[in-house]
Amino acid sequence: MTDDALYTARVDNSGGTSGRVTVHDGPVAPPPVPPGAAAGPEAEASDVAASGVEASEAETSEVEASEVAPSPVVLPTGAPTPAADGFNPEQFLAMAWSTCLGETLRVVLAERGLPHESSVSVEVGLHRDPAGGFRFVPRALVAIEQMPADEAREIAGAAHARCPVSKLLTGQCDPVLEVVDTPGAAGAPGTPDSADCPDSADGPDTPGAPEPT
């Protein structure tokens, strides 16, 4: 790529799907809940107990049911700019690839009986597309501790070949686009459209086997 990225999201993953991701230039985290201030069903139950009023069976059942079925997690979204108020598509893509590739890498290492620690960092650049609009340019950086570069490169390549998100980025997919009917919309939805992933010649540049750092 010769053109400069308009924006680059950077994410680090350690531990694969059982670990965590660090999003650089991510949105500011919400303030922590003050000590002693409960939230959600626990707050409702504690408020009832503190008031000295016995809760009815229906109210108790409602609280217990809400504890079993937690509320959806809502993540704010924002524009691809540093320190935005929400997460952007570049960051979501970087989180997905780093987590999936990081877990696949751990599996490959375990299958070969190798106890090495590993981590994956992903950069997703936003570039202008000569064909119009914009395109993503993803890049993964794989680190395997205390392993020779040649061996690390081979293992990283094996993980890249198996990772579902890597397959998606290299064009091995058949995404489905469906138009969902909404209340009040005139007419019935048509037949769902599908779009193949772009070929490497006319789609976003995707990396080959990630180079270890």
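Numbering starts at 1 and runs along the sequence shown. Below, all heavy atoms of this structure are taken into account, side chains as well, without hydrogens, waters or symmetry copies.
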Side chain to side chain contact (heavy atoms under 4.5 Å, CB included) between V120 and V122, intermediate numbers included: CA-CA 7 Å; V120 176; V122 168; 4.0 Å; yes
Heavy atoms of other groups near Q146 CD, more than 12 under 6.0 Å: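 Check fails, neighbour count at 12 or below.
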Sequence-distant partners of P164, side-chain contact (heavy atoms from CB on, under 4.5 Å), two or more places apart: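 Once residues adjacent in sequence are excluded, the partners of P164 under the side-chain contact (heavy atoms from CB on, under 4.5 Å) criterion are C100, T104.
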Residues that E145 engages under side-chain contact (heavy atoms from CB on, under 4.5 Å), provided they are two or more places apart: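 If we apply the side-chain contact (heavy atoms from CB on, under 4.5 Å) test to E145, skipping adjacent residues, the hits are E117.
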Residues F134, D129; criterion side chain to side chain contact (heavy atoms under 4.5 Å, CB included); working and verdict: CA-CA 5 Å; F134 304 90; D129 191 338; 5.6 Å; no
ILVMFWY cluster, I144 and L114 together (side-chain gap under 4.5 Å):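 Yes, I144 and L114 fall within the same hydrophobic cluster.
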Listed once per pair and sorted, the salt bridge (charged side-chain N to carboxylate O under 4.0 Å, His left out) pairs that draw on residues 8-23, sequence neighbours left out: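 Non-adjacent pairs meeting salt bridge (charged side-chain N to carboxylate O under 4.0 Å, His left out): R10-E123.
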L109 and S118: CA distance, side-chain angles, deciding distance, side chain to side chain contact (heavy atoms under 4.5 Å, CB included) verdict: CA-CA 9 Å; L109 288 169; S118 61; 3.8 Å; yes
Y7 and E90: CA distance, side-chain angles, deciding distance, side chain to side chain contact (heavy atoms under 4.5 Å, CB included) verdict: CA-CA 9 Å; Y7 167 81; E90 292 83 354; 4.0 Å; yes
Indicate the atoms forming the closest heavy-atom contact of [X] with [Y], along with that distance.
X    : Y    : answer
G125 : T8   : CA-OG1, 4.0 Å
P138 : L169 : CG-CD1, 4.2 Å
Q91  : D25  : NE2-O, 3.4 Å
A79  : N88  : O-ND2, 3.8 Å

Reported CG-to-OG1 distance for the pair L126 and T81, which is rounded to 0.5 angstrom: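 Between L126 CG and T81 OG1, I get 11.5 Å after rounding to 0.5 Å.
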Polar side-chain atom of T99 near backbone of A96 as donor-acceptor pair, under 3.5 Å: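 No.
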Set of residues satisfying salt bridge (charged side-chain N to carboxylate O under 4.0 Å, His left out) with respect to E103, sequence neighbours excluded: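 Expected list: R106.
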Test salt bridge (charged side-chain N to carboxylate O under 4.0 Å, His left out) applied to E154 - qualifying residues, sequence neighbours left out: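 Counting only residues at least two positions away or on another chain, E154 forms a salt bridge (charged side-chain N to carboxylate O under 4.0 Å, His left out) with R112.
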Taking the side chain as every heavy atom from C-beta outward, state whether [X] and [Y] have any atom pair closer than 4.5 Å.
X    : Y    : answer
H127 : D4   : no
V107 : R162 : yes
L101 : V142 : yes

Side-chain cluster (under 4.5 Å, hydrophobic types only) that V23 belongs to, other residues: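 Its cluster mates, by chain and number, are V11, V21, V73, L75, F87, F92, M95.
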